[in-house]
Asker: 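Below is a structure I'd like to ask you about.
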2 protein chains.
Amino acid sequence: MGDTRTELIAAAIEVLRESGFSAASARKIAQRAGCNQALVFYHFGSVNDLLVAALEDVSTHRMQAYQRLLDHTGTLADLADSARAVFQADLDAGHVRVLTEMISGAQAVRGLGERVAQVLAPWRAFARDAVRQALAASPVGSLVPPEEVAYAVVAGLLGLEMLVSLDDDREPALALFDRARLLGETLDRLRPRPA
Amino acid sequence: MGDTRTELIAAAIEVLRESGFSAASARKIAQRAGCNQALVFYHFGSVNDLLVAALEDVSTHRMQAYQRLLDHTGTLADLADSARAVFQADLDAGHVRVLTEMISGAQAVRGLGERVAQVLAPWRAFARDAVRQALAASPVGSLVPPEEVAYAVVAGLLGLEMLVSLDDDREPALALFDRARLLGETLDRLRPRPA
DNA sequence: GTCTATACTTGGATAGAC
DNA sequence: GTCTATCCAAGTATAGAC
């Protein structure tokens, strides 16, 4: 199917998800992609450059998925349901894990942290706008700054991913989404029709 | 001062904090501890065993600090203040970072995840009891299960640590603690004297 | 573009002197 | 307990054939 470049990115995502940053070597990624180790350096220059490219790829595609989610949900309860579904999909595909591995792995390599932060930057704005939109129709919407909530949401997703991967048990995390749905229902009932 | 074993553990904590799991080699840790690389294997058997010992050391000491915190705070507002102070101390000393690095690093090594999970297990119980105690006097205390809140709190701390280390900016995280304090004040005011 | 071969580096781990 | 010396495995990166 895809060319070697594309398959290397896909393989890098898989290795990051399954074995983490410290195991994401050129040899292991190339083996997964079914090609030679030297091609990593031909196409991307270095292993870290490939890993950043993989992160950017995941980030772009997931942002689109989240945007579609936001466009099709009205109530907070709907939003909680959709968020739960997307979170499950991310766990299955390892999208969030790619991010957590890159964040912690970036500590070891000079300059890598800045590049990861650059990938994460658009998510700040996206999450802020999403929270603002979601809380606009809520009675508590004017009480909390969207930036703060967005920061907490991103941090929460990262932390949940870490705990889930450690225990290999996503039930406690999913229970929190169910709890959020109940809370959303309550808030929706307080103002069923936005002005 | 301390014997070599103790200094190796201290050095392992420093390296994990500053450079992450993938850079925590026997050579680098021993150099930091001012001793020979072979002593890592003499005292601990393997590098991973040393890293687990370092994590256990941090876990034990921090649990004591958190317990003292809990014993000396009555209102939710007090609790938020204390939590903020402890979180700052943890950031400075890199205690939470040791945990996040071990969680993500454990993905690469068979069996390591289980050992990290064992260290984290007592924190589950501790956080659950702490949340139960803190919410006992609150009007919303009976509405949310302590286990769920505790899970969210632990995940939130992990996520905040990751974002803070990535951006090297703890202000957004500290702002969340200030927000929690305001919320705590409100809840405290609803029931100033517990029954 | 893709491969083989290789130079170079780093790391885990052990043996054995002291 | 601590050191030196060493073996072996794995990784990054490059040169050069095809």
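Every chain is numbered from 1, with letters handed out A, B, ... down the list of sequences.
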Asker: Checking the side chain of A:Arg97 only, and the main-chain atoms of A:Glu161 only, is there a donor and an acceptor separated by less than 3.5 Å?
Answerer: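 Not at all, since once roles are kept as given, no pair shorter than 3.5 Å links the two residues.
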
Asker: Is the side chain of A:His72 donor-acceptor paired with the backbone N or O of A:Arg68 at a distance under 3.5 Å, no angle test?
Answerer: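 Pair found, side chain donor or acceptor close to backbone of A:Arg68.
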
Asker: Under 4.0 Å between a side-chain nitrogen and a carboxylate oxygen: does that hold for A:Arg181 and A:Asp178?
Answerer: no

Asker: With no hydrogens and no angle check, is any side-chain donor or acceptor of B:Asp188 less than 3.5 Å from a backbone partner on B:Leu76?
Answerer: yes

Asker: By nearest heavy atom, map A:Tyr42 and A:Ala23 onto DNA chain D; which one lands nearer the 5' end?
Answerer: A:Ala23

Asker: If I take atom NE2 in residue A:His43 and atom C1' in nucleotide D:dA13, what distance separates them, rounded to the nearest angstrom?
Answerer: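 Result: 16 Å.
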
Asker: Are any of the side-chain nitrogens in A:Arg115 or A:Asp49 under 4.0 Å away from the carboxylate oxygens of its partner?
Answerer: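 Counted as a salt bridge, because a side-chain N and a carboxylate O are separated by less than 4.0 Å.
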
Asker: Quick one: how far along DNA chain C does chain B reach, first to last nucleotide 5' to 3', anything under 4.0 Å to a heavy atom?
Answerer: C:dG11 to C:dT14

Asker: Under 3.5 Å, is there a donor-acceptor pair between the side chain of B:His61 and the main chain of B:Asp57?
Answerer: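 Confirmed, B:His61 side chain pairs with B:Asp57 backbone.
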
Asker: Please classify the nucleic acid contact of B:Val40 as base, sugar-phosphate, or nothing, using heavy-atom distances under 4.0 Å.
Answerer: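 No contact.
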
Asker: Has the side chain of A:Thr60 got a donor or acceptor atom that lies under 3.5 Å from a matching backbone atom of A:Glu56?
Answerer: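 Pair found, side chain donor or acceptor close to backbone of A:Glu56.
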
Asker: Would you call A:Asp92 and A:Arg170 a salt bridge, taking side-chain N to carboxylate O under 4.0 Å as the test?
Answerer: yes

Asker: Where do N or O atoms of nucleotides 4-7 of chain D meet protein N or O atoms at under 3.5 Å, pair by pair?
Answerer:
{"from": "D:dT4", "atom 1": "OP2", "to": "B:Asn36", "atom 2": "ND2", "distance (Å)": "3.1"}

